[in-house]
Amino acid sequence: MGYYSWESGNRRDDCEWCKRPLTGRQERVCSPACRQALKRSAKRTKEQLHGLDCPRCGNPFDPVNQHQKMCGDCARAERDAADEARWEAVCGLDGCQDNAGWMGDGRPRRYCSTAHKQKAYRLRRKAES
């Protein structure tokens, strides 16, 4: 959208929030207050959040905030499954099935040792050339 009427073919004549006429370079809203009100109205409200269905188990639940995507039990199970996958990470070198290890925070290691990390790097470089 351009600033001027000849730059934007679909220019509005009134504010999207308060319906007052737009002047000058205004394109959607007439003031910062209307812009904030329009932005806040787009967020999901408590009434819209009431009675969502959990995508994992299908049971209805009431979210605590607008970012909650699934019921508490399923969210806990998802976190536990992700942690379990980190603990069970296998070395990325072909032929090695050793546990790569995880210290309990951050990303899991890709290789079980520095020697395997170097060997995998050398194999990748050899394959490129």
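Only this structure's heavy atoms are used, side chains among them; waters, hydrogens and symmetry mates stay out.
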In short, V29 meets C34 closest at the heavy-atom pair CB-CB, 4.1 Å
Looking at side-chain heavy atoms only, is the closest gap between D14 and P21 below 4.5 Å? no
How about D80 and E78: do any of their side-chain heavy atoms sit closer than 4.5 Å? no
From R40 CZ over to W17 CH2, what is the distance, rounded to the nearest 0.5 angstrom? 10.0 Å
Enter the distance from M103:CE to R86:CZ here, rounded to the nearest 0.5 Å. 14.5 Å
For L38 versus E16, what's the shortest heavy-atom pair and its separation? CD2-OE1, 3.6 Å
Are side-chain heavy atoms of N99 and W87 found at a separation under 4.5 Å? no
Any side-chain to backbone donor/acceptor pair from D62 onto G51? Under 3.5 Å, distance only. yes
Closer than 3.5 angstrom, by distance alone: can the side chain of Q118 be matched with the main-chain N or O of A115 as a donor-acceptor pair? no
When you measure from the side chain of R109 to the backbone of C112, do you find a donor-acceptor pair of N or O atoms at a distance under 3.5 Å? yes
Nearest heavy-atom pair of R76 and D73: which atoms, and what distance? NH1-OD1, 3.2 Å
When rounded to the nearest 0.5 angstrom, what distance separates NZ in K119 from CG in L123? 6.5 Å
Point-to-point distance, once rounded to the nearest 0.5 Å, from SG of C15 to CZ of R20: 7.0 Å
Is it the case that over 12 heavy atoms from other parts of the model lie below 6.0 angstrom from the CZ atom of R124? yes
Can any side-chain N or O of Q68 pair as donor or acceptor with the backbone N or O of V64 at less than 3.5 Å? yes
Say you draw a straight line from CG of N59 to SG of C57; how long is it, rounded to the nearest 0.5 Å? 4.0 Å
Mark yes when over 12 heavy atoms from residues, nucleotides or ligands other than R56 sit less than 6.0 Å from its CZ; otherwise mark no. yes
First locate atom CG of D105, then atom CG of D83, and finally report the distance between them rounded to the nearest 0.5 Å. 10.5 Å
Check against side chain to side chain contact (heavy atoms under 4.5 Å, CB included), Y111 and D98: CA-CA 9 Å; Y111 303 100; D98 292 343; over 6 Å; no
Between F61 and C74, does a side chain to side chain contact (heavy atoms under 4.5 Å, CB included) hold up when you go through it step by step? CA-CA 11 Å; F61 73 101; C74 291; over 6 Å; no
Check the surroundings of atom NZ in K126: do more than 12 heavy atoms from other residues, nucleotides or ligands lie under 6.0 Å from it? no
